[in-house]
Amino acid sequence: MTDSKYFTTTKKGEIFELKAELNSDKKEKKKEAVKKVIASMTVGKDVSALFPDVVNCMQTDNLELKKLVYLYLMNYAKSQPDMAIMAVNTFVKDCEDLNPLIRALAVRTMGCIRVDKITEYLCEPLRKCLKDEDPYVRKTAAVCVAKLHDINAQLVEDQGFLDTLKDLISDSNPMVVANAVAALSEIAESHPNSNLLDLNPQTINKLLTALNECTEWGQIFILDCLANYSPRDDRESQSICERVTPRLSHANSAVVLSAVKVLMKFMEMLPKDLDYYGTLLKKLAPPLVTLLSAEPELQYVALRNINLIVQRRPEILKHEMKVFFVKYNDPIYVKLEKLDIMIRLASQANIAQVLAELKEYATEVDVDFVRKAVRAIGRCAIKVEQSAERCVSTLLDLIQTKVNYVVQEAIVVIKDIFRKYPNKYESVIATLCEHLESLDEPEARAAMIWIVGEYAERIDNADELLESFLEGFHDESTQVQLQLLTAIVKLFLKKPTETQELVQQVLSLATQDSDNPDLRDRGYIYWRLLSTDPVAAKEVVLAEKPLISEETDLIEPTLLEELICHIGTLASVYHKPPSAFVEGSRGVQHKRLTSSAGSGESVESPDTGSAAVSEAPPAVIPSQGDLLGDLLNLDLTPPTSTGPPPAAAPGMQLGAMDLLGGGLDSLMGDESEPLGGDIGGSPAMGAGFGAPPAAMPASFNAPISGGLDDLFDLGGGGMTMGTYIPPKTVWLPAMKAKGLEISGTFVRRSGVIQMEMTLNNKAMSVMSDFAIQFNRNSFGLAPAGPLQILTPISPNQSIEAALPLSTVGPVMKMEPLNNLQVAVKNNIDVFYFSCQYPISMLFLEDGKMERQVFLATWKDIPNENESQFQIKDCHLNSDAASNKLQGSNIFTIAKRTVEGQDMLYQSMKLTNGIWVLAELRVQAGNPNYTISLKCRAPEVSQCVFQNYETVLKN
Amino acid sequence: MDSCHTENNSRAEMIHSLFLINHAGDIFLEKHWKSVISRSVCDYFFEAKEKAVEPENVPPVLQTPHHYLISIYRDKLFFLSVVQTEVPPLFVIEFLHRVADTIQDYFGECSESLINDNVVTVYELLEEMLDNGFPLATESNVLKEMIRPPTILRSVVNTLTGSSNVGDKLPSGQLSSIPWRRAGVKYTNNEAYFDVIEEIDAIVDKSGTTVFAEIQGVIEASVRLTGMPDLSMTFMNPSLLDDVSFHPCVRFKRWESERALSFIPPDGNFTLMNYHVSSQNLVTIPVYVKQNICFFETGPCGRLDITIGPKQTMGKTVEALMVTIHMPKAVLSANLTATQGNYSYDLATKVLVWDIGKLNPQKLPNLRGSLSLQSGAPKPEDNPSLNIDLKIQQVAISGLKVSRLEMNGEKYKPFKGVKYLTKAGNFQVRT
């Protein structure tokens with residue numbers, strides 16, 4: 001039923017009935033009819049056919065009826081613009097009504113009707129309403145300016161509405177001020193550089209006065225606006241802070257958090273020795289604590305922000321540890337956030353309490369939470385040195401529980417503890433070894449192997465242990481394979497006499513039997529090192545490792561500062577730079593957000609950062625999630641720069657490179673490819689030499705691209721030509737359609753678009769009388785003929801059907817653009833489903849642009865229409881990519897090579913005549929392509945990009 | 001494509017759309033304040049809901065390729081809003097709670113059937129509450145003047161006279177400096193009642209030590225006074241309160257300087273103040289719990305033995321005492337004897353409830369017996385926590401007391417009353 005609104009599910013008779021009632025002479029009957037119409041509308045039924053009849057009811061002195069008609073108009077005016085004009089006169093008349101409620105209602109509704117022709121008529125009434133004697137009308141009109149700006153920005157500027165709006169900041173009524181601020185803020189967001197909200201001491205003063213008197217929502221707008229102001233000196237800062245502090249006692253948590261933002265920001269300007277500074281710090285704690293007793297959803301947002309606040313100013317909440325203790329019935333998303341903050345607040349003073357809590361949590365039911373609690377114990381050990389011993393014994397207790405995932409998690413963190421406090425806790429190794437068999441997760445297996453290798457000399461049967469792993473070498477994940485290789489080499493260097501055979505075995509497994517280039521590389525390097533210069537090998541492989549840092553997942557300081565200025569926003573919830581949000585739906589920036597899959601994860605399982613701890617030596621490690629995207633962009637540079645070399649073995653690195661000899665250089669080039677999956681894993685990168693086993697980047701679990709396997713087959717070229725046809729997917733599950741299951745796909749063959757479907761009858765009775773219909777859609781796709789299913793489908797029979805499509809049907813923009821809503825009828829019922837077609841179905845065969853035209857067009861399209869995307873893990877060379885794309889009517893016009901980077905210039909043309917121009921950058925050896933798309937209708941870019949991705953990856 | 005262009009550049013501010021979704025995952029109402037957003041956007045939410053298993057665990061903020069979905073879960077319903085740009089999420093969440101409050105206020109409860117029965121009123125309310133994403137009128141007093149709540153009597157009158165549900169005058173409160181109060185209030189009996197209600201949130205560990213305890217307090221008011229009364233309330237011991245948040249009617253300056261609540265009240269029921277007495281101060285725990293829940297390594301069974309006794313009750317009786325235990329999944333049934341009250345074990349949810357009632361200090365209630373486990377299941381790893389519910393009448397456990405309540409600005413003598421009540425909030429005992 002989800003898409004039913006687009007189809008007339010209201011029976012014909014019902015509409016007729018309503019029509020008659022709407023035209024009734026009786027007022028009451030009319031009103032009831034309009035109510036029925038609205039009721040249908042709210043549940044998503046299409047009642048647009050009644051437009052003229054409903055509009056006829058508009059001229060009434062009954063306010064309720066008028067409101068209902070207005071509601072209807074707002075919903076349907078867009079689809080019936082010509083009809084909507086009929087309503088204009090009534091609107092204009094209502095704007096002059098004696099009753100301010102009606103004047104306001106009229107101007108408010110007009111602003112919501114997003115029809116160009118209506119906006120022209122809106123200007124005069126709006127101008128009057130902005131100067132209306134009644135503040136209720138003025139405040140409504142202020143919002144209307146923002147609405148109008150959204151529809152036609154130029155018009156608003158030309159008409160001088162912006163200046164009027166600015167004047168309203170000085171209005172005598174605080175509600176009008178608040179709305180004017182809100183409207184201006186909204187408008188300013190789409191003009192980042194305009195000086196719309198010109199904040200100076202006078203306006204600030206006005207805002208602060210209005211702050212005390214306006215509604216709670218108005219206070220939020222004003223506080224958010226204040227936060228953008230930069231005070232001239234610390235005295236002004238203090239006086240603003242003093243006037244904002246009372247807001248901390250507001251019942252509305254959004255007001256409280258916005259006030260916290262202003263205070264946190266302006267506090268920066270206050271000298272620390274000022275008495276007031278201390279007072280302010282004290283005032284901030286109680287409201288933050290109180291936020292944690294609100295509803296869980298509010299708690300979650302508050303916790304995400306508190307996480308930022310404790311990083312910036314830990315002193316505020318340092319005595320409030322207990323409020324972050326987890327209750328068993330907290331929602332899981334609250335639990336995980338609380339845990340994170342507990343670790344941040346952990347100190348010598350409270351560590352005993354914290355540990356007792358964490359141990360309690362480790363026996364909870366929720367697996368994710370338990371894992372994170374165990375990991376948290378390890379983080380405490382690393383953070384608070386005095387507690388390390390207690391943490392280790394707690395972890396050992398937990399290992400004794402023998403709960404599989406607890407044991408594995410504990411082993412992973414113990415490995416980190418070993419790295420932080422070398423030669424201190426090795427006595428526990430024996431206990432760990434007892435649990436070798438139960439480890440089935442790669443991360444835990446790799447950690448255990450690292451421990452065995454690192455302390456091989458103290459473990460009597462280290463060779464046996466490692467050998468036992470070797471049996472299933474090829475079934476292990478890359479992470480474990482790499483670890484095993486290094487561990488055995490370490491073992492060999494420590495106990496050369498008994499382990500020669502073992503090392504031979506692992507080297508040959510890694511170099512000859514493996515098709516993973518990473519593993520091969522590491523194997524070859526060890527091999528050569530060991531055979532040329534065992535002494536050097538010892539120095540490299542057994543080098544002393546740098547200690548790992550204490551705080552592991554701190555947000556990078558500049559980002560933190562930026563986020564503090566945006567407390568309370570979505571950016572602060574996602575801990576991502578606000579620039580990624582302000583652009584909103586506009587292509588480029590927005591795309592960046594979604595593209596960095598790694599950072600998306602960090603929201604759900606914030607512990608990814610903590611796993612990434614051990615690799616980089618500097619004291620502060622930027623949060624993995626936030627930088628992952630950047631790292632992937634960066635790795636165009638030679639592989640040596642990807643992992644920071646350990647301080648201990650800088651000289652060795654070069655030697656290692658030489659050892660590889662020229663023949664291997666090309667292989668080295670490809671080394672950086674799987675970076676996303678394995679930062680420290682490759683010995684050729686230097687960092688791996690001493691420390692590879694400690695390297696457990698969060699992203700380890702990312703797929704080590706299978707495409708690497710084809711490394712040597714690449715030059716072959718000769719990729720298959722022809723359109724990529726997505727596999728059939730189930731569009732309509734049988735459960736939703738009384739036994740009819742439809743799966744299908746779209747195909748374009750020699751200029752004809754076809755929808756290919758498999759209809760499967762899973763019901764008990766015969767199905768017949770099939771018909772199909774599409775809802776209006778973005779590109780006017782429509783069936784070119786009836787659905788040809790000539791014979792009835794008997795139970796358990798399936799039938800193939802191909803439906804040729806035309807692109808001349810009615811157009812309506814869909815979300816997403818390539819969404820298609822379909823209704824299928826048979827003898828049983830009508831069913832609805834929606835599916836998405838690859839936009840390449842619409843690429844025309846004559847989409848190859850002339851070179852000159854391409855150049856001119858590229859320049860001609862404004863830069864804001866350009867969107868950039870990343871295609872990751874794609875292992876085609878530029879020619880192969882070009883060939884593959886041509887199969888989908890994406891034509892390469894020119895190719896240029898700059899510094900080893902191929903740039904392909906491509907064009908495609910959509911069925912509705914829109915051209916899309918593309919620049920595809922392919923760097924040899926880098927699996928990440930960059931693609932820039934330019935189009936006069938930039939909204940298609942996202943779809944086109946997705947299409948690139950599917951075509952290139954299939 | 002032209003229309004497509006303007007559409008996509010449109011920058012929907014704040015709350016773009018609202019979907020109401022029931023427990024089963026059906027969308028039963030949608031409201032769009034700007035252009036219509038396809039219901040398919042909710043698919044991302046359904047995906048998250050599926051993943052979260054329990055509806056309480058669905059993350060309140062979700063990111064989709066083009067939108068953000070911000071939702072709350074209340075009364076078994078999801079209120080899901082769609083936003084397109086940067087917006088303060090707390091703002092949205094607060095607003096959604098306000099929508100739920102309003103529905104509850106109008107129709108008595110917030111349920112799918114009541115919303116469906118009153119769908120047009122709900123729609124009118126939503127339209128009145130938000131304009132272009134900006135909240136318009138969210139005060140219940142103001143809303144009720146614009147859209148009258150349904151009453152049986154009124155709908156009869158309406159059908160007879162043809163009058164309307166919608167007020168045709170600008171609500172007087174809308175623009176005055178006291179938007180929360182309507183003008184011209186008149187009562188024959190002038191009354192002002194205040195309930196001081198405190199909830200104890202606590203975690204007690206298995207040895208009986210209090211790990212964490214705090215008090216969430218609230219003063220609920222029910223004020224029916226004629227005209228424009230100006231009230232002031234003072235406390236015997238205001239220094240107890242660590243953090244306070246007030247109804248907008250309270251004059252903050254007076255609180256800062258004199259620790260007195262001074263206000264012109266809204267008409268009817270409202271929350272005057274929320275407060276917080278934190279763990280740093282001494283929070284008294286009214287009862288103690290002696291418990292032993294264990295599962296045997298051998299054989300599919302376990303034992304349970306719980307006794308509850310009074311600890312610090314300030315001389316009052318503990319009532320409505322109830323213990324709730326979420327048992328590990330492997331627990332099949334419970335064979336227990338209660339010396340007082342009744343117990344029940346829900347097989348499907350694995351929740352054991354022991355309803356005790358009044359606590360008699362002379363004869364402590366005890367619940368004991370055996371638990372049987374699914375045969376073959378390993379010994380449960382997690383220890384169930386106990387959740388305690390209780391009530392103590394006529395006392396605020398923090399010791400907070402109202403000393404005076406005065407009225408100015410009107411001549412009549414109102415009837416005034418203050419009641420105290422202590423409840424268990426989130427009171428957990430670990431085992």
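These figures come from a predicted structure and were not determined experimentally. Letters A, B, ... are given to chains in the order of the sequence lines, protein chains preceding strands, and every chain is numbered from 1.
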* A:S253 versus B:E94, side-chain donor and acceptor atoms under 3.5 Å -> yes
* Over all heavy atoms of both residues, which pair between B:T138 and A:E216 is shortest? Give the atoms and the distance, please. => OG1-OE2, 4.1 Å
* To do: Would you confirm whether B:N57, through its side chain, and A:I332, through its main-chain N or O, come within 3.5 Å as a donor-acceptor pair?
  => yes
* Please state whether the side chain, the backbone, both or neither of A:Y70 comes within less than 4.5 Å of a heavy atom of chain B. => neither
* Asked: Is chain B contacted by the side chain of A:A183, its backbone, both, or neither, given a heavy-atom distance below 4.5 Å?
  -> backbone
* Check whether the ring centres of A:Y328 and B:H326 lie less than 6.0 Å apart, and answer yes or no. => yes
* **Shortest non-hydrogen separation from A:C112 to B:D131 and the atoms involved** => SG-OD1, 4.2 Å
* Asked: Taking all atoms of both residues into account, what is the closest heavy-atom pair of A:G568 and B:P89, and its distance?
  -> O-CD, 2.9 Å
* Ignoring hydrogens and angles, tell me if any N or O in the side chain of B:E86 forms a donor-acceptor pair with the backbone of A:L570 under 3.5 Å. => yes
* To do: Check for a donor-acceptor pair, side chain of A:Y574 on one end and backbone N or O of B:Q63 on the other, with a separation under 3.5 Å.
  => yes
* **Qualifying residues under side-chain hydrogen bond (donor to acceptor under 3.5 Å, both in side chains), relative to B:E139, sequence neighbours excluded** => none
* **Side chain to side chain, B:I72 and A:E295, heavy atoms closer than 4.5 Å** => no
* Hey, which of A:R108, A:H250, A:K36 has the most heavy atom pairs under 4.5 Å with chain B? -> A:R108
* May I ask you to check whether B:Q216 and A:S293 show a side-chain donor-acceptor distance below 3.5 Å? => yes
* **side-chain hydrogen bond (donor to acceptor under 3.5 Å, both in side chains) partners of B:R430, counting only residues at least two apart** => A:E357
* Atom of B:T431, atom of A:E360 and distance for their closest heavy-atom approach -> O-OE2, 4.2 Å
* Looking at side-chain heavy atoms only, is the closest gap between A:L68 and B:E124 below 4.5 Å? -> yes
* To do: May I have the step-by-step check of ring-ring contact (aromatic ring centres under 6.0 Å, His included) for B:F134 and A:W217, ending in yes or no?
  => CA-CA 8 Å; B:F134 301 123; A:W217 313 107; over 10 Å; no
* Can you say whether A:L298 sits under 4.5 Å from chain B via the side chain, the backbone, both, or neither, judging by heavy atoms? -> both
* A:Q219, part contacting chain B, at a heavy-atom distance under 4.5 Å -> neither
* Structure fact -> Honestly, the part of A:P287 sitting under 4.5 Å from a heavy atom of chain B is both
* Atom group of A:N329 that falls short of 4.5 Å from chain B, counting heavy atoms -> both
* **Per-residue contact mode, A:V326 against chain B (heavy atom under 4.5 angstrom)** => backbone
* To do: Evaluate the side-chain proximity of B:S38 to A:Q821: yes if any heavy-atom separation is below 4.5 Å, no if none is.
  => yes
* **A:E297 and B:H97: side chain donor to acceptor below 3.5 Å** => yes
* A:D224 to B:P88 - nearest heavy-atom pair and separation -> OD2-CG, 3.6 Å
* Are B:E128 and A:K67 ion-paired here, with the side-chain N under 4.0 Å from a carboxylate O? -> yes
